[in-house]
Amino acid sequence: MLTGAAVSISGCGESKKSESSESESSGEESATEESTTEEGEKPSPMSDSTAAVANGSILQVFCWDFDTIKQSMPDIKAAGFTAIQTSPVNECLVGEDGGMELYGDGKWYYHYQPTDFKIGNYQLGNREQFKEMCDVAHQNGIKVLVDVIANHTTPRTDKVSQDLINAGGGSLETLYHEHNKDDIMNYDNRLQCTTAKMGGLPDINTERPSFQEYFFKFINDCIDCGADGFRYDTAKHIGLPDDPKEDDGYENNFWEKVKTETKDYDQKFIYGEVLQGGNDRVEDYIKEIGRTTASAYGSKIRSSLSNNSLNKSVIEKYWLGSVDPTVVTWVESHDNYINDKTFTELNNDQIILGWSIIASRKDGTPLFFSRPYNSKQGDEWGMNRIGPQGDDMYKDARVTAVNHFRTAVIGEDESIVNPGDDTSAVIIERGKKGAVIVNTKGELKTGFDIGLEDGEYTDRVDGKTVYTVKGGKLTSDKTVPENTVVVLCNDGFKQEAPMANAGVAKDTVFKTDGKTLSAVLTLENAEKGTYTIDGKATEFKNGDKITVNKPAQGNVVKVELRAKNSEGTETYERVEFTFEDRYQIKKGTKIYFQPPSNWDASKISVYIYNIADEDENKYWPGEAMTKESDGKFSYTFTRDWDTPLMIFNDGTYQSPADKGVVVEPNKIYVV
């Protein structure tokens, strides 16, 4: 079976070498600091608002809804993050009848498939909820960045709003580029890269003045609601001023319009997603937009962690060429977590070690990707729900200590060294004020050189290990253990009490076709907490067990967990349990499928199986479906079944990408 998603997703389909994503390793070695590209102009001084983001750290609240983000603000603030980055807030494709799984009965990437540029969608919440979230963020000193898409719409063009079509010239043909009829075949061809379809996603003519006016009305409405900046998705697919252009009478001026049409542009933190590899022109995008991503650097960090080799010569470069590193850095983002499967490459602890490196550095603005709740190596989706928080690792003691270190050493020079030439460990020194030590392998003995002021330093991570600096040497009566982060900083460091953490055990089962589910509740750094089901709050302690019953209406039960740490900072966690209906499918049952426009309508098939490995249509790709008069495709079952699963495909694309969907009689399935 094919494993690619039915529709390649945002910022991904960048190379024919990999149809699901642009490999970050592709072309990386050409993106070195030895590049001969002429150095760009020095950036203008940052505003106070922009500096608050640039000098701090960003939490990517991947697929958290607005209410969850709002209720999590005390935790986010205490963890030392200075900004959040939401998933796209635009109106978007409603798939699987509004299913809310990250992948399965719902898709995380639907909010990267705009149907209109207005605030609010079924996955995250409405405009009022967005504004309320922004208000609470600002009350907590947190800036709000919004992930936005200007490059493309959903491939389901029948779902694109008439308002957007009108803004694009009055028809779907004028909304999109002329080359939109073609897929990108050569990413080194800049005309293809900026005007043709990326992964089947229709390419908007972003140079059309009427579209620009409509789009920046949306951007400015986000600002009116409280947005402090934006990440521009698939930025390298929007042309630069000197890129080749279709002969339509318009100019490649979209990035100029970002500057002139965005309210209070100088006060906003704006960056573009430019995944490196091939003719990406990342240096030119940095000059034009001001900031971009640094995907090659992220790949180098991940490789270093996988190999337990933190060589300073690799870590200290940003792999961007000769431009100033005004970039957003990451160990991973949602793109490479999902499409390049970095969840199989690095565990949570390794991600935190990498974060400790990039967030303690002077240049770049680090972004921490919130992995799905209860995900792990071998299970990328975990609880598999859109709306609730991601994994609690964003408030791990190591992450929190490094975040507060970062804000304590703003403006201090940087020095990166391997202690005693041991490349399995690295020290990021910030002037004489502080240092972060990351050790990946074996016990690291002290006695090595360090540039801190003489004195005693208590490790800000464990709160107890004392290190002494005397005459440029760091000593302690203990070694630095394997897979450890040590944060040393006295002046200006804000020490937070250990954060409360409420949740459920790692082995929790979140979905059943039965009538009950049970879960063991977990609680850290708090004596007691409360869990709430259907408005009823009950106290619990660590290790208590709850039983959740199938609801009378709907199929999802939400459990809200709250607790406070010793300083009264409240934590909030929402877990969701799904009760599936069990379908007995009889011979003669009929189902329907509406394929995307980029699928081959002459090859639409359905593959049917169940957990007993019985096959309705034995061999892949299954049986050909019948085209109906309304353009849909149908299939009629030839025998009785007990809980069959289906995968639709056209020989190239398939949906779902992995596990099939449950059969529901007479249902119309839409990708």
Side-chain angles (χ1 to χ4, degrees), residues 1-10 12-13 19-21 63 92-113 122-123 154-156 199-201 334-335 337-341 343-344 372 375 378-386 510-511 513 555-556 578 580-583 585 591-600 603-611 613 615-617 619-623 625 632-635 637 641 643-665 667-671:
M1 299 183 194
L2 301 179
T3 57
V7 179
S8 294
I9 49 188
S10 163
C12 305
E19 293 187 357
S20 64
S21 73
C63 288
C92 66
L93 180 68
V94 179
E96 287 88 38
D97 296 325
M100 292 292 284
E101 290 186 339
L102 289 165
Y103 202 88
D105 184 19
K107 302 289 187 296
W108 67 270
Y109 57 75
Y110 286 145
H111 48 232
Y112 284 91
Q113 295 189 10
Y122 73 105
Q123 292 188 334
T154 174
R156 288 291 309 277
L201 297 168
H334 69 276
D335 280 312
Y337 175 82
I338 295 167
N339 301 304
D340 297 332
K341 306 300 182 185
F343 72 94
T344 66
S375 60
D379 180 10
E380 65 184 307
W381 303 118
M383 185 170 62
N384 197 18
R385 298 294 298 173
I386 294 170
F510 295 97
K511 183 184 290 189
D513 58 10
N555 67 341
V556 176
T578 304
E580 294 182 308
D581 290 324
R582 187 176 180 87
Y583 290 100
I585 301 303
I591 54 91
Y592 301 86
F593 176 61
Q594 178 68 64
S597 60
N598 63 313
W599 282 34
D600 186 343
K603 298 180 180 179
I604 304 300
S605 300
V606 61
Y607 181 82
I608 303 172
Y609 68 100
N610 70 11
I611 57 176
D613 292 328
D615 294 328
E616 168 86 353
N617 27 62
Y619 300 107
W620 183 262
E623 291 291 325
M625 299 186 74
K632 299 183 181 68
F633 289 77
S634 68
Y635 182 78
F637 282 75
W641 274 81
T643 62
L645 301 173
M646 303 182 297
I647 297 176
F648 302 100
N649 68 90
D650 71 345
T652 300
Y653 298 110
Q654 74 174 61
S655 179
D658 37 37
K659 180 181 177 182
V661 293
V662 173
V663 178
E664 299 181 42
K667 178 174 178 177
I668 301 172
Y669 292 82
V670 179
V671 174

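What you see below is based on every heavy atom in this structure, not just the backbone, and it leaves out hydrogens, waters and symmetry mates.
- Tyr110 and Leu93 get closest at one heavy-atom pair: CB-O, 3.4 Å.
- Taking each heavy atom of Asp650 and Asp600 in turn, the nearest pair found is OD2-N, 2.8 Å.
- In this structure, OH in Tyr635 is found 12.0 Å from OH in Tyr607, a value given to the nearest 0.5 Å.
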Please determine whether side chain to side chain contact (heavy atoms under 4.5 Å, CB included) holds for the pair Asp97 and Lys667, giving the CA-CA distance in whole Å, both sets of side-chain angles, and the decisive distance to 0.1 Å. CA-CA 10 Å; Asp97 296 325; Lys667 178 174 178 177; 3.2 Å; yes
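- Here Glu623 contributes atom CD and Ile604 contributes atom CD1; the two are 14.5 Å apart, rounded to the nearest 0.5 Å.
- Side-chain contact between Ile338 and Tyr109 is absent, with no heavy-atom pair separated by less than 4.5 Å.
- Distance check, rounded to the nearest 0.5 Å: CZ of Phe648 to CD1 of Ile608 gives 8.0 Å.
- Residues Tyr122 and Gly99 come closest through the heavy atom pair CE1-O, 4.0 Å.
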Verify ring-ring contact (aromatic ring centres under 6.0 Å, His included) between Phe593 and Trp599, making sure each step is shown before the conclusion. CA-CA 12 Å; Phe593 176 61; Trp599 282 34; 5.4 Å; yes
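- Val670 meets the side-chain contact (heavy atoms from CB on, under 4.5 Å) test with Arg156, Gln594, Ile668; sequence neighbours excluded.
- Here CH2 of Trp381 is found 13.5 Å from CZ of Arg385. Values are rounded to the nearest 0.5 Å.
- Here the closest heavy-atom approach between residue Pro656 and residue Ile647 is recorded as O-CG2, 3.8 Å.
- Applying side chain to side chain contact (heavy atoms under 4.5 Å, CB included) to Tyr669 and the options Met646, Lys632, Glu96 leaves one that passes, Met646.
- For Lys603, the NZ atom is loosely surrounded, since the number of other residues' heavy atoms within 6.0 Å does not exceed 12.
- Nearest heavy atoms, Leu102 versus Asn384: N-OD1, 3.0 Å.
- Between Val663 and Leu645, the closest side-chain pair of non-hydrogen atoms is not below 4.5 Å.
- Asn339 contributes a side-chain N or O that, together with a main-chain N or O of Asp335, makes up a donor-acceptor pair within less than 3.5 Å.
- To the nearest 0.5 Å, atom CG of residue Leu201 and atom OH of residue Tyr112 are 12.5 Å apart.
- With sequence neighbours left out, Ser634 forms a side-chain contact (heavy atoms from CB on, under 4.5 Å) with Lys590, Tyr592, Thr626, Glu628.
- For Lys107 and Tyr103, the positive end sits near the middle of the six-membered ring, less than 6.0 Å away and at most 45° from its axis.
- Between Cys63 and Trp108, the shortest heavy-atom contact is SG-CB, 3.8 Å.
- Lys511 NZ to Thr578 OG1: the interatomic distance, rounded to the nearest 0.5 Å, is 6.0 Å.
- With Ser605 contributing its side chain and Gly622 its backbone, the two residues share no donor-acceptor pair below 3.5 Å.
- Proximity of Tyr653 to Pro596: side-chain heavy atoms (C-beta onward) are nowhere separated by under 4.5 Å.
- Contact annotation: the side chain of Gln113 approaches that of Pro155 to within less than 4.5 Å [non-hydrogen atoms, C-beta and beyond].
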